[in-house]
> 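I'd like to ask some things about the structure below.
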Amino acid sequence: MGFEPGSKQLQDGGRNSKGLYHKLLLLLTVIGINVLAFYTFSRSSNSHDKDQGSNSSQQELNQFSLTSNALIVKLSQTKEELKNTQHELQVAREELKLMLDQIGELTRSHLIALQAADRRGLQKQPALSHIPDSAELQALIEPRKLPLGWNPSLNSDSMVAPVGHRCLMQDEDIKKFMDYELGGTCPDDESLAQKLLLAGCEPLPRRRCFAQTPANYSEPYPIPRSFWEGPPDGNIVWTPYECKSFECLNSRAKRKVFADCLDCFDLEGRERHRWLFMSNQLDYTIDEVLELKPGSIRIGLDIGGGTGSFAVRMREHNVTIVTTSLNLGGPFNNFIAQRGVIPIFLTIAQRLPFFDNTLDIVHSMHVLSNWIPEETLEFILLDIDRVLRPGGLFWLDHFFCLRPELNKYVPMIERLGYKKLKWGVGEKLDRGRELQEMYVSAVLEKPIKRP
Ligand SMILES: *[C@@H]1O[C@H](CO)[C@@H](O)[C@H](O)[C@H]1NC(C)=O
Ligand SMILES: *[C@@H]1O[C@H](CO)[C@@H](O)[C@H](O)[C@H]1NC(C)=O
Ligand SMILES: *[C@@H]1O[C@H](CO)[C@@H](O)[C@H](O)[C@H]1NC(C)=O
């Protein structure tokens, strides 16, 4: 069936060329006859002049003339037809040229797009064997054509929105997360978002709904009041937490509930004194660390910085610190922001969102420790090195491990090739000496040049 139109065209084409052939043959015949007629006519005229002619040849001549005229009419008709055919051919040829040009143009742009896609790895996209059945998720991650066409900065003619590849494997959770009323209020699902994040769905997909807002929000306190006075309960969405107030959070420490950073929300407690006083070889003060590089420590990062007290103390020294934190058991991100310093909602597994060789200092306390898989820790340390500027400081604050593990972790830290401006190894005694728990604290300087 599908083949028929093609073969029909072929037949038509054959018929056309056959017709043309016939016309040409006719034309040649007519020309031949005319030449003959002309010849005969001139000959008979001559003979007429000579012998006054004869009745029969005159007749013949008349007859011939008649036939000849008819043929000439036919000839001009054929000529006309031929001219038409030639015109049609010319039109067809021009159309063909136009089509070929268009095909060429299409092929060229297609090739450019393919090359660009290849460079940007778009070609590998079909390797995603499974995309959860969510219209909003698909709407988000679908590459879209740029309204103004090719963009040399993007090196592409389309824009793609990233989501962590693990998002696509959390089938039920991601479908639930992306199920909302378009342009409406988002579900009250902070816990689900964090669960996805911790499962490697990072970055989380964007959504087209309005995030939940606190029930009774009031303007944050001005700096410096905000540094050491926690926000009112009304400024927090409490749904994801067992506690529904700061009073409850602060009482957890006394009730010996297991949670990270148990007493961090109590700004009158231990938080108030951190990094202010030298107590042993593991605790350094912010003053003495900044004194190592007077004036040139201006911006930095605190990884897993609890409620942001390190950033606040550094801010008091005119140093700007961004604090990464999750909301494990409490509203850490909101609290940090309410204090007037910057939180980033980021897991330890995510690549640091800073450019190479940019930060003056990276600090981390109680977070980088032996609970992180060894190879993952190596990736993290090298990422910290990447964002630190040459001569920048890596303040490793209370790295925790067991005594036998020092053989593994100390060389790992030393492999960074940093200068040990401060270095201390000490026993962690709060649970008893027999557990052989150890802390390493260090302030390390990134080399200006690597050999
Ligand atoms: C020519 O032929 C016509 C009729 O065919 C005839 O009437 C006439 O006499 C003929 N003339 C000559 C000169 O033979
Ligand atoms: C709302 O917040 C303000 C300021 O923190 C507080 O005084 C007030 O009692 C709160 N209202 C309710 C209903 O929680
Ligand atoms: C911070 O900067 C302010 C304004 O420049 C200055 O007055 C203050 O002394 C600085 N504080 C410290 C600890 O350097």
Side-chain angles (χ1 to χ4, degrees), residues 185-186 188 190-191 210-252 263-279 283-302 305-323 327 329-343 358-365 388-389 391-395 397 421-422 443 445:
T185 306
C186 301
D188 193 350
E190 189 191 305
S191 305
F210 294 99
Q212 295 280 332
T213 47
N216 182 29
Y217 194 87
S218 52
E219 293 287 316
Y221 305 135
I223 287 170
R225 184 185 166 193
S226 65
F227 286 166
W228 295 103
E229 190 174 336
D233 292 342
N235 282 22
I236 306 295
V237 177
W238 288 101
T239 328
Y241 316 113
E242 233 173 82
C243 278
K244 307 295 175 195
S245 70
F246 286 112
E247 200 192 333
C248 166
L249 284 175
N250 292 339
S251 71
R252 285 187 317 176
D263 52 356
C264 292
F265 291 96
D266 179 8
L267 298 181
E268 295 305 320
R270 218 154 45 123
E271 288 295 297
R272 191 110 208 176
H273 309 289
R274 291 193 201 277
W275 308 291
L276 289 186
F277 311 104
M278 174 98 175
S279 56
D283 292 293
Y284 313 129
T285 67
I286 283 175
D287 276 329
E288 68 181 318
V289 171
L290 292 181
E291 209 43 51
L292 295 169
K293 295 226 152 200
S296 67
I297 305 299
R298 308 147 307 142
I299 53 171
L301 168 70
D302 189 20
T307 48
S309 292
F310 182 78
V312 166
R313 282 292 177 215
M314 291 292 269
R315 171 72 198 258
E316 287 170 348
H317 288 76
N318 294 333
V319 179
T320 304
I321 296 289
V322 168
T323 307
N327 284 0
F332 287 88
N333 275 267
N334 317 63
F335 196 86
I336 292 166
Q338 289 283 317
R339 292 180 80 180
V341 288
I342 301 171
T358 51
L359 303 183
D360 299 319
I361 186 165
V362 174
H363 172 263
S364 187
M365 185 172 80
L388 270 178
R389 65 166 173 85
L393 301 182
F394 176 29
W395 184 348
D397 202 346
L421 302 184
K422 289 183 176 295
V443 178
E445 186 188 28

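Counting convention: from 1, in listed order, for ligands and their atoms alike.
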> What is the nearest protein non-hydrogen atom to atom 6 (C) of ligand 2, stated with its residue, atom name and distance?
Asn216 ND2, 4.0 Å
> Within 4.0 Å of atom 11 (N) of ligand 3 (strictly less), any protein heavy atom?
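Protein heavy atom within 4.0 Å of atom 11 (N) of ligand 3: present.
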> Tell me, which protein residue and heavy-atom name are nearest atom 3 (C) of ligand 3, and how many Å apart are they?
Asn318 ND2, 3.5 Å
> For a 4.5 angstrom cut-off between non-hydrogen side-chain atoms, does Pro343 reach Phe335?
no
> Could you give me the CA-CA distance, side-chain angles and deciding distance for Phe332 and Phe265, then say whether ring pair (Phe, Tyr, Trp, His ring centres under 6.0 Å) is met?
CA-CA 8 Å; Phe332 287 88; Phe265 291 96; 4.7 Å; yes
> Atom 8 (C) of ligand 3: protein heavy atom closer than 4.0 Å?
yes
> Go through the steps to decide whether Phe277 and Asp283 satisfy the test side chain to side chain contact (heavy atoms under 4.5 Å, CB included), and finish with yes or no.
CA-CA 8 Å; Phe277 311 104; Asp283 292 293; over 6 Å; no
> Going by the angle between their ring planes, with limits at 30° and 60°, are His363 and Phe310 parallel, tilted or perpendicular?
parallel
> Please report which non-hydrogen protein atom sits nearest to atom 13 (C) of ligand 3, along with the residue it belongs to and the distance in Å to one decimal place.
Glu316 O, 3.5 Å
> Quick check: are there more than 12 heavy atoms from other residues, nucleotides or ligands sitting under 6.0 Å from CZ of Arg313?
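Buried by this count: over 12 neighbours within 6.0 Å.
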> Which ligand 2 atoms are under 4.0 Å away from a heavy-atom of Pro232?
5 (O)
> Nearest to atom 4 (C) of ligand 2, what protein heavy atom do you find, and at what distance?
Ser218 OG, 4.2 Å
> Identify whether the distance between the nearest side-chain nitrogen and carboxylate oxygen of Glu242 and Arg252 falls below 4.0 Å.
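No, no charged N to carboxylate O under 4.0 Å.
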